[in-house]
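Side chains are part of it too, since the values below use all heavy atoms of this structure and drop only hydrogens, waters and symmetry mates. Note on naming: letters A, B, ... go to the chains in the order of the sequence lines (proteins, then strands), and numbering restarts at 1 for each one.
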2 protein chains.
Amino acid sequence: MSVAVENFVKAVYKNAKRTNDTKPGIIAKELGISNAAATDMAKKLAVKDLLHYEKYQELKLTVKGNQMALNVIRKHRLWESLLFKMFDMSLHDIHREAELLEHQTSDLLANKISEYLGNPKFDPHGDPIPDKNGIITTTDTSFTLSKANEGKTYIISRLMSDDKEFFDFCAQHGLKYGNTITVSKQFIKNKMTQIVVNNNTILLNEDFSTIIYVNENESKNVQH
Amino acid sequence: MSVAVENFVKAVYKNAKRTNDTKPGIIAKELGISNAAATDMAKKLAVKDLLHYEKYQELKLTVKGNQMALNVIRKHRLWESLLFKMFDMSLHDIHREAELLEHQTSDLLANKISEYLGNPKFDPHGDPIPDKNGIITTTDTSFTLSKANEGKTYIISRLMSDDKEFFDFCAQHGLKYGNTITVSKQFIKNKMTQIVVNNNTILLNEDFSTIIYVNENESKNVQH
DNA sequence: AACTATTTTTAAGTATACTTAAAAATTTAT
DNA sequence: ATAAATTTTTAAGTATACTTAAAAATAGTT
Ligand SMILES: [Mn+2]
Ligand SMILES: [Mn+2]
Ligand SMILES: [Mn+2]
Ligand SMILES: [Mn+2]
């Protein structure tokens, strides 16, 4: 299937995970195309039996569409893991490369990469890597920093973004998958979260506190 | 530039190296497209200043086209080198993957791969890898087996093919980049070459004896 | 040199993946 | 409930990269 189709199916999959309002417009925004193009593509994918399309209704992936999405996501996260391990590249850079490489990787090569890395269950952002059958065996017990308790110490389990500025910020302050942070104060009304990392106190706004995921202990989501 | 453009420019470059008859038809055959499509593309590339096009004349790359070709070739051969080193993949498989990956690789990633491998000068087929400026510093002193002398012993310096059957044949008989072979007899009239590898005698027809390149000694083309 | 075969070019048409503009439906706000 | 705002859809059109069919030019053969 084409790059456009794979990216579209992946975007639908990811959006459906987060919200229950997966209509053309959101996908269009995500992919940087017009709403008209997204509607058009949705219709085409319905013909290919990759999703169910009904005018003005939510887009819902078929089993086939779901498999395709997971296969692309698998390749994306395996590439990220490999590039991160082998080369000194930032989280943002590995994401950018993986966004392209994911579409040009045979299942065979994906399996080789996975094997080489010891079949990792998480990528460098803390996102789970589906296995060769498209199955995610790990359960995610993490939650966003915005919902963490004052005074408690957590482990970063996921940095859910693909924004360069965010990753630069993370790199600068030691916000890294697996690292420990303490929530010193929650400013509920102003939607800000104050944390302590490496003895530095940082005040996060909502944009950042809702894409940084943490776990209470090192158990589940940390397997690196 | 698009995949189609990159593959076209690369095909022109490679053909011009071998022959002096680089017209649309040959490129069309190489890329598996119609002659009409090749002529069409040639015209478009002329507008983009990637090659010089004159009706019924040879296609000649511009400096810009040449650079693009070398950049794609560099990425191709770096990928082949990396995949060959890291994973247990055949020469044919690494070529297949590289044919796609070469178009989705940033210059930055290419440099990282090169660095990681110690800036190799040759890929696993024995083909030279251009440096980041598109320069090939090695000089190729090798020649085809069909032109080798009876009784002499040589070192395989290049396996110039992308045919699976050929690579299977090579793997089966120990014909590998860097290995030693002896030419036991040249059947000039019948265009066949008899060689001895690992104490086995093999009779090669013209198809194979003209794509296996050898060197007299281990000097130039062997730097693995 | 003339004829034939081959190659190249032109012409017309297709599929994919987009665009903008306007109509239709839905959602939100008053 | 009505009006306004937003989103979705339709319609028409574009660029890229191909196709087949036929015309034109070149290259090879007698
Ligand atoms: Mn990513
Ligand atoms: Mn992608
Ligand atoms: Mn190759
Ligand atoms: Mn290619």
Exercise: do [X] and [Y] side chains pair donor with acceptor under 3.5 Å:
{"X": "Ser81(B)", "Y": "Asp123(B)", "value": "no"}
{"X": "Thr19(B)", "Y": "Asp21(B)", "value": "no"}
{"X": "Arg74(B)", "Y": "Asn111(B)", "value": "yes"}
{"X": "Ser209(B)", "Y": "Asn205(B)", "value": "no"}

In whole Å, what is the span from the [atom1] atom of [X] to the [atom2] atom of [N]?
{"X": "Met41(A)", "N": "dT9(D)", "atom1": "CE", "atom2": "P", "answer": "15 Å"}
{"X": "Leu45(B)", "N": "dT16(D)", "atom1": "CG", "atom2": "C1'", "answer": "12 Å"}
{"X": "Glu54(B)", "N": "dT9(C)", "atom1": "CD", "atom2": "P", "answer": "11 Å"}
{"X": "Asp40(A)", "N": "dT10(D)", "atom1": "CG", "atom2": "P", "answer": "9 Å"}
{"X": "Ile27(B)", "N": "dT9(C)", "atom1": "CD1", "atom2": "P", "answer": "12 Å"}
{"X": "Ile33(B)", "N": "dT16(D)", "atom1": "CD1", "atom2": "P", "answer": "16 Å"}
{"X": "Asn35(B)", "N": "dA22(D)", "atom1": "CG", "atom2": "C1'", "answer": "14 Å"}
{"X": "Met1(B)", "N": "dA17(D)", "atom1": "CE", "atom2": "C1'", "answer": "15 Å"}

**Prompt:** Mind checking whether Phe122(B) and Tyr177(B) have parallel, tilted or perpendicular rings, split at 30° and 60°?
**Reply:**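 The rings of Phe122(B) and Tyr177(B) sit tilted, inter-plane angle from 30° to 60°.
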Starting the side chain at C-beta, find the nucleotide from [options] nearest to [X].
{"X": "Ala36(B)", "options": "dT9(C), dA17(C), dT8(D)", "answer": "dT9(C)"}
{"X": "Ser2(A)", "options": "dA17(C), dC18(D), dT8(D)", "answer": "dA17(C)"}
{"X": "Ser34(A)", "options": "dT20(C), dT16(C), dT8(D)", "answer": "dT20(C)"}
{"X": "Tyr56(A)", "options": "dC18(C), dT19(C), dA25(C)", "answer": "dA25(C)"}
{"X": "Tyr53(B)", "options": "dA11(D), dA27(D), dT9(C)", "answer": "dT9(C)"}

**Message:** Strictly below 4.0 Å: does Lys23(A) bring a side-chain N or O up to OP1 or OP2 of dT27(C)?
**Reply:** yes
**Item:** Sugar-phosphate, base or nothing in reach of Lys44(B), heavy atoms under 4.0 Å
**Value:** base
**Message:** Counting the atoms with a prime plus P, OP1 and OP2 as sugar-phosphate, which does Ala37(B) contact under 4.0 Å by heavy atoms, base, sugar-phosphate, or nothing?
**Reply:** base
**Message:** Can you work out whether Lys55(A) or Ala38(B) has the more 5'-proximal nearest nucleotide on DNA chain D?
**Reply:**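 Nearest nucleotide further toward 5': that of Lys55(A).
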